[in-house]
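As the structure is a computational prediction, the values presented were derived from the model and not from experiment. Residue numbers start from 1 in every chain, and the chains themselves are labelled A, B, ... in the order their sequence lines are given, proteins ahead of strands.
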Protein chains: 2
Amino acid sequence: MDIGTFSALAEPNRLRIVELLAHGPLTVGEIAERLNLRQPQASKHLRVLLDARLVTVHADANRRNYALQMEPLQEMDAWLNNYRRMWNERFDNLDQYLQELQSKSQQ
Amino acid sequence: MDIGTFSALAEPNRLRIVELLAHGPLTVGEIAERLNLRQPQASKHLRVLLDARLVTVHADANRRNYALQMEPLQEMDAWLNNYRRMWNERFDNLDQYLQELQSKSQQ
DNA sequence: ATGGAATATTCCTGTCAAGGAATATTAAGA
DNA sequence: TCTTAATATTCCTTGACAGGAATATTCCAT
(Lines give C-alpha, C1' and ligand atoms only; values in the text may rest on other atoms or scores of the structure.)
Protein backbone atom coordinates (compact mmCIF):
# COMPACT_ATOMS: atom_id res chain seq x y z
CA MET A 1 0.00 0.00 0.00
CA ASP A 2 1.38 3.37 -1.05
CA ILE A 3 1.34 5.73 1.88
CA GLY A 4 1.27 8.73 -0.41
CA THR A 5 -2.40 8.05 -1.05
CA PHE A 6 -3.22 8.26 2.64
CA SER A 7 -1.12 11.39 3.09
CA ALA A 8 -2.83 13.08 0.18
CA LEU A 9 -6.31 12.25 1.45
CA ALA A 10 -5.46 13.15 5.04
CA GLU A 11 -6.09 16.82 4.30
CA PRO A 12 -9.72 18.01 4.43
CA ASN A 13 -9.61 20.22 1.35
CA ARG A 14 -7.93 17.56 -0.71
CA LEU A 15 -10.49 14.97 0.30
CA ARG A 16 -13.22 17.40 -0.71
CA ILE A 17 -11.51 17.93 -4.06
CA VAL A 18 -11.49 14.19 -4.67
CA GLU A 19 -15.15 13.90 -3.74
CA LEU A 20 -15.93 16.83 -5.99
CA LEU A 21 -14.09 15.33 -8.93
CA ALA A 22 -16.06 12.14 -8.49
CA HIS A 23 -18.84 13.83 -10.45
CA GLY A 24 -16.57 14.71 -13.34
CA PRO A 25 -13.52 16.76 -14.31
CA LEU A 26 -13.28 20.39 -13.28
CA THR A 27 -10.94 23.33 -13.80
CA VAL A 28 -8.91 24.91 -11.04
CA GLY A 29 -11.21 27.90 -10.90
CA GLU A 30 -14.32 25.79 -10.58
CA ILE A 31 -12.78 23.78 -7.78
CA ALA A 32 -11.62 26.87 -5.96
CA GLU A 33 -15.04 28.46 -6.28
CA ARG A 34 -17.07 25.45 -5.15
CA LEU A 35 -14.85 24.77 -2.16
CA ASN A 36 -14.29 28.40 -1.19
CA LEU A 37 -10.55 28.13 -1.66
CA ARG A 38 -8.21 30.75 -3.00
CA GLN A 39 -6.79 29.87 -6.38
CA PRO A 40 -3.18 29.35 -5.25
CA GLN A 41 -4.22 26.96 -2.51
CA ALA A 42 -6.38 25.04 -4.94
CA SER A 43 -3.45 24.76 -7.32
CA LYS A 44 -1.17 23.62 -4.55
CA HIS A 45 -3.56 20.95 -3.34
CA LEU A 46 -4.04 19.74 -6.88
CA ARG A 47 -0.29 19.51 -7.22
CA VAL A 48 -0.19 17.18 -4.24
CA LEU A 49 -3.02 15.07 -5.63
CA LEU A 50 -1.20 14.98 -8.94
CA ASP A 51 2.01 13.75 -7.32
CA ALA A 52 -0.04 11.08 -5.58
CA ARG A 53 -1.49 10.12 -9.00
CA LEU A 54 -4.98 10.71 -7.68
CA VAL A 55 -5.72 13.14 -10.50
CA THR A 56 -4.57 13.90 -14.02
CA VAL A 57 -4.46 17.24 -15.86
CA HIS A 58 -5.37 18.09 -19.40
CA ALA A 59 -4.53 21.52 -20.69
CA ASP A 60 -7.26 23.26 -22.62
CA ALA A 61 -5.81 26.61 -23.65
CA ASN A 62 -5.83 28.76 -20.55
CA ARG A 63 -7.67 26.22 -18.46
CA ARG A 64 -6.51 22.99 -16.88
CA ASN A 65 -8.98 20.21 -16.47
CA TYR A 66 -8.36 17.96 -13.53
CA ALA A 67 -9.85 14.49 -13.53
CA LEU A 68 -10.00 11.85 -10.84
CA GLN A 69 -7.78 8.81 -11.25
CA MET A 70 -8.96 5.49 -9.92
CA GLU A 71 -5.75 3.50 -9.57
CA PRO A 72 -4.75 4.67 -6.07
CA LEU A 73 -8.28 4.06 -4.85
CA GLN A 74 -8.22 0.60 -6.35
CA GLU A 75 -4.98 -0.03 -4.54
CA MET A 76 -6.66 1.00 -1.28
CA ASP A 77 -9.46 -1.38 -2.12
CA ALA A 78 -7.02 -4.20 -2.69
CA TRP A 79 -5.28 -3.43 0.58
CA LEU A 80 -8.60 -3.59 2.41
CA ASN A 81 -9.07 -7.09 1.07
CA ASN A 82 -6.68 -8.32 3.75
CA TYR A 83 -9.12 -7.10 6.39
CA ARG A 84 -12.52 -7.80 4.91
CA ARG A 85 -12.15 -11.42 5.89
CA MET A 86 -11.86 -10.35 9.51
CA TRP A 87 -14.87 -8.16 9.79
CA ASN A 88 -16.89 -10.78 7.96
CA GLU A 89 -15.77 -13.30 10.53
CA ARG A 90 -17.01 -11.03 13.26
CA PHE A 91 -20.29 -10.61 11.48
CA ASP A 92 -20.56 -14.36 11.02
CA ASN A 93 -19.98 -14.80 14.73
CA LEU A 94 -22.72 -12.34 15.50
CA ASP A 95 -24.98 -14.00 12.98
CA GLN A 96 -24.28 -17.38 14.49
CA TYR A 97 -24.98 -15.98 17.95
CA LEU A 98 -28.29 -14.53 16.84
CA GLN A 99 -29.28 -17.80 15.26
CA GLU A 100 -28.46 -19.62 18.47
CA LEU A 101 -30.60 -17.16 20.39
CA GLN A 102 -33.47 -17.76 18.04
CA SER A 103 -33.25 -21.53 18.16
CA LYS A 104 -33.19 -21.36 21.96
CA SER A 105 -36.34 -19.22 21.96
CA GLN A 106 -38.06 -21.83 19.84
CA GLN A 107 -37.39 -24.63 22.31
CA MET B 1 -15.21 9.68 5.77
CA ASP B 2 -13.20 10.42 8.90
CA ILE B 3 -9.92 12.00 7.93
CA GLY B 4 -8.34 10.84 11.18
CA THR B 5 -8.12 7.35 9.71
CA PHE B 6 -6.10 8.58 6.74
CA SER B 7 -3.86 10.69 8.95
CA ALA B 8 -3.17 7.77 11.24
CA LEU B 9 -2.31 5.45 8.36
CA ALA B 10 -0.22 8.07 6.56
CA GLU B 11 2.77 7.24 8.75
CA PRO B 12 4.91 4.26 7.71
CA ASN B 13 5.43 2.79 11.16
CA ARG B 14 1.77 3.09 12.03
CA LEU B 15 0.74 1.38 8.82
CA ARG B 16 3.16 -1.42 9.66
CA ILE B 17 1.68 -1.70 13.13
CA VAL B 18 -1.79 -2.09 11.64
CA GLU B 19 -0.58 -4.72 9.22
CA LEU B 20 1.18 -6.49 12.07
CA LEU B 21 -1.92 -6.50 14.25
CA ALA B 22 -3.87 -8.05 11.40
CA HIS B 23 -2.47 -11.38 12.53
CA GLY B 24 -3.63 -10.94 16.10
CA PRO B 25 -3.20 -8.79 19.21
CA LEU B 26 0.28 -7.95 20.44
CA THR B 27 1.88 -6.16 23.36
CA VAL B 28 3.83 -2.95 23.04
CA GLY B 29 7.12 -4.75 23.52
CA GLU B 30 6.35 -7.29 20.84
CA ILE B 31 5.40 -4.58 18.38
CA ALA B 32 8.50 -2.54 19.15
CA GLU B 33 10.70 -5.60 18.73
CA ARG B 34 9.23 -6.80 15.46
CA LEU B 35 9.29 -3.37 13.87
CA ASN B 36 12.64 -2.31 15.31
CA LEU B 37 11.14 0.62 17.12
CA ARG B 38 12.11 1.99 20.48
CA GLN B 39 9.49 1.40 23.10
CA PRO B 40 8.48 5.07 23.56
CA GLN B 41 7.93 5.55 19.84
CA ALA B 42 5.85 2.39 19.71
CA SER B 43 3.73 3.65 22.59
CA LYS B 44 3.30 7.01 20.92
CA HIS B 45 2.23 5.53 17.62
CA LEU B 46 -0.18 3.25 19.39
CA ARG B 47 -1.62 6.27 21.13
CA VAL B 48 -2.36 7.85 17.77
CA LEU B 49 -3.93 4.64 16.47
CA LEU B 50 -5.97 4.47 19.65
CA ASP B 51 -7.25 8.02 19.20
CA ALA B 52 -8.19 7.10 15.64
CA ARG B 53 -10.07 4.07 17.03
CA LEU B 54 -7.96 1.79 14.85
CA VAL B 55 -6.88 -0.25 17.88
CA THR B 56 -8.11 -1.08 21.36
CA VAL B 57 -6.11 -1.86 24.50
CA HIS B 58 -6.64 -4.45 27.15
CA ALA B 59 -4.51 -4.31 30.25
CA ASP B 60 -3.05 -7.61 31.40
CA ALA B 61 -1.08 -6.80 34.52
CA ASN B 62 2.09 -5.14 33.38
CA ARG B 63 1.40 -5.68 29.70
CA ARG B 64 -1.02 -3.98 27.37
CA ASN B 65 -2.50 -5.95 24.53
CA TYR B 66 -3.32 -3.94 21.46
CA ALA B 67 -5.86 -5.32 19.02
CA LEU B 68 -6.90 -4.09 15.60
CA GLN B 69 -10.32 -2.50 15.27
CA MET B 70 -12.24 -2.92 12.06
CA GLU B 71 -14.73 -0.04 12.14
CA PRO B 72 -12.49 2.65 10.61
CA LEU B 73 -11.46 0.27 7.87
CA GLN B 74 -15.08 -0.56 7.20
CA GLU B 75 -15.77 3.14 6.94
CA MET B 76 -12.99 3.42 4.35
CA ASP B 77 -14.58 0.53 2.52
CA ALA B 78 -17.96 2.24 2.53
CA TRP B 79 -16.39 5.45 1.26
CA LEU B 80 -14.77 3.56 -1.59
CA ASN B 81 -18.21 2.36 -2.64
CA ASN B 82 -18.78 5.75 -4.22
CA TYR B 83 -15.90 5.09 -6.58
CA ARG B 84 -16.16 1.38 -7.34
CA ARG B 85 -18.95 2.12 -9.76
CA MET B 86 -16.55 4.29 -11.76
CA TRP B 87 -13.69 1.90 -12.15
CA ASN B 88 -16.13 -0.81 -13.02
CA GLU B 89 -17.51 1.43 -15.73
CA ARG B 90 -14.03 1.87 -17.09
CA PHE B 91 -13.46 -1.83 -17.00
CA ASP B 92 -16.77 -2.40 -18.74
CA ASN B 93 -15.74 0.03 -21.43
CA LEU B 94 -12.47 -1.79 -21.90
CA ASP B 95 -14.29 -5.08 -21.87
CA GLN B 96 -16.72 -3.82 -24.46
CA TYR B 97 -13.85 -2.54 -26.56
CA LEU B 98 -12.09 -5.88 -26.43
CA GLN B 99 -15.26 -7.68 -27.41
CA GLU B 100 -15.68 -5.37 -30.37
CA LEU B 101 -12.11 -6.07 -31.41
CA GLN B 102 -12.75 -9.78 -31.21
CA SER B 103 -15.99 -9.67 -33.19
CA LYS B 104 -14.24 -7.62 -35.88
CA SER B 105 -11.47 -10.20 -36.10
CA GLN B 106 -14.07 -12.89 -36.64
CA GLN B 107 -15.61 -11.13 -39.60
C1' DA C 1 8.74 -2.21 50.84
C1' DT C 2 11.92 -2.73 47.31
C1' DG C 3 13.64 -3.75 42.78
C1' DG C 4 12.85 -4.59 38.17
C1' DA C 5 10.02 -5.15 33.97
C1' DA C 6 6.59 -3.11 30.86
C1' DT C 7 4.58 0.89 29.39
C1' DA C 8 3.34 5.91 29.15
C1' DT C 9 4.55 10.66 29.23
C1' DT C 10 7.30 14.84 28.92
C1' DC C 11 10.62 17.89 27.00
C1' DC C 12 13.43 19.17 23.33
C1' DT C 13 14.67 19.74 18.58
C1' DG C 14 14.37 19.50 13.68
C1' DT C 15 11.52 18.86 9.71
C1' DC C 16 7.60 19.35 6.99
C1' DA C 17 3.23 20.99 5.44
C1' DA C 18 -0.44 24.59 5.02
C1' DG C 19 -2.19 29.25 4.28
C1' DG C 20 -1.40 34.25 2.91
C1' DA C 21 0.49 37.46 -0.16
C1' DA C 22 2.90 38.52 -4.01
C1' DT C 23 4.64 37.38 -8.38
C1' DA C 24 5.61 34.58 -12.56
C1' DT C 25 3.73 32.11 -16.61
C1' DT C 26 0.84 31.14 -20.41
C1' DA C 27 -2.73 31.78 -23.73
C1' DA C 28 -6.53 34.27 -25.94
C1' DG C 29 -8.45 38.45 -27.80
C1' DA C 30 -8.62 43.39 -29.07
C1' DT D 1 1.70 44.16 -28.95
C1' DC D 2 -1.03 45.07 -24.74
C1' DT D 3 -4.39 43.53 -21.65
C1' DT D 4 -6.74 40.30 -19.21
C1' DA D 5 -8.00 35.70 -17.56
C1' DA D 6 -6.46 31.30 -15.71
C1' DT D 7 -3.09 28.98 -13.41
C1' DA D 8 1.42 27.93 -11.18
C1' DT D 9 5.18 29.11 -8.20
C1' DT D 10 7.83 31.43 -4.60
C1' DC D 11 8.66 33.34 -0.11
C1' DC D 12 7.35 33.79 4.49
C1' DT D 13 5.43 32.47 8.82
C1' DT D 14 3.21 29.38 11.79
C1' DG D 15 1.69 25.03 13.62
C1' DA D 16 1.85 20.03 13.73
C1' DC D 17 4.41 15.97 14.19
C1' DA D 18 8.21 12.53 14.55
C1' DG D 19 12.30 10.82 16.90
C1' DG D 20 15.70 10.93 20.91
C1' DA D 21 16.53 11.05 25.69
C1' DA D 22 15.02 11.14 30.09
C1' DT D 23 11.63 10.34 33.47
C1' DA D 24 7.19 8.89 35.47
C1' DT D 25 3.88 5.15 36.36
C1' DT D 26 2.19 0.65 37.31
C1' DC D 27 2.45 -3.97 38.45
C1' DC D 28 4.63 -8.27 39.91
C1' DA D 29 7.96 -10.97 42.59
C1' DT D 30 11.01 -11.34 46.34
Calculate the interatomic distance between [X] atom [atom1] and [N] atom [atom2]; express it in whole Å.
{"X": "A/Leu15", "N": "C/dA18", "atom1": "CG", "atom2": "C1'", "value": "16 Å"}
{"X": "A/Ile3", "N": "C/dC16", "atom1": "CD1", "atom2": "P", "value": "16 Å"}
{"X": "B/Leu46", "N": "C/dA6", "atom1": "CG", "atom2": "P", "value": "16 Å"}
{"X": "A/Arg47", "N": "C/dA17", "atom1": "CZ", "atom2": "P", "value": "13 Å"}
{"X": "B/Glu30", "N": "C/dT7", "atom1": "CD", "atom2": "C1'", "value": "13 Å"}
{"X": "B/Asn13", "N": "D/dC17", "atom1": "CG", "atom2": "C1'", "value": "13 Å"}
{"X": "B/Leu35", "N": "D/dG19", "atom1": "CG", "atom2": "C1'", "value": "15 Å"}
{"X": "B/Leu37", "N": "C/dA8", "atom1": "CG", "atom2": "P", "value": "13 Å"}

Let me spell it out: for each of A/Arg64 and A/Lys44, pick the nucleotide of DNA chain D with the closest heavy atom. Which residue's pick is nearer the 5' end? A/Arg64
Between the base of [N] and the side chain of [X], is there a donor-acceptor distance below 3.5 Å?
{"X": "A/Asn62", "N": "D/dA5", "value": "yes"}
{"X": "B/Glu11", "N": "D/dA18", "value": "no"}
{"X": "B/Gln41", "N": "D/dA18", "value": "no"}

Minimum heavy-atom separation for A/Ala10 and B/Ile3, please, with both atom names. O-CG2, 3.3 Å
Which heavy atom in A/Gly4 sits nearest to a heavy atom in A/Ala52, and how many Å separate them? O-CB, 4.1 Å
Whichever of B/Pro40 and A/Gln39 has its nearest DNA chain C nucleotide further upstream toward 5': B/Pro40
Using a cut-off of less than 4.0 Å, is there contact between a side-chain N or O of [X] and OP1 or OP2 of [N]?
{"X": "B/Arg38", "N": "D/dG20", "result": "yes"}
{"X": "B/His45", "N": "D/dC17", "result": "no"}
{"X": "B/Thr27", "N": "C/dA6", "result": "no"}
{"X": "A/Arg63", "N": "C/dT26", "result": "no"}
{"X": "B/Tyr66", "N": "C/dA8", "result": "yes"}

Between B/His45 and B/Asn13, is the side chain to side chain contact (heavy atoms under 4.5 Å, CB included) condition met? List the steps. CA-CA 8 Å; B/His45 284 308; B/Asn13 291 314; 4.0 Å; yes
Run the side chain to side chain contact (heavy atoms under 4.5 Å, CB included) test on A/Met76 and A/Phe6 for me, step by step, so that the C-alpha distance in whole Å, both residues' side-chain angles and the decisive distance to 0.1 Å come before the verdict. CA-CA 9 Å; A/Met76 267 188 48; A/Phe6 287 142; 4.0 Å; yes
Is it possible for you to say whether B/Val57 and B/Leu46 belong to one hydrophobic cluster, with membership spreading through side-chain heavy-atom contacts below 4.5 Å? yes
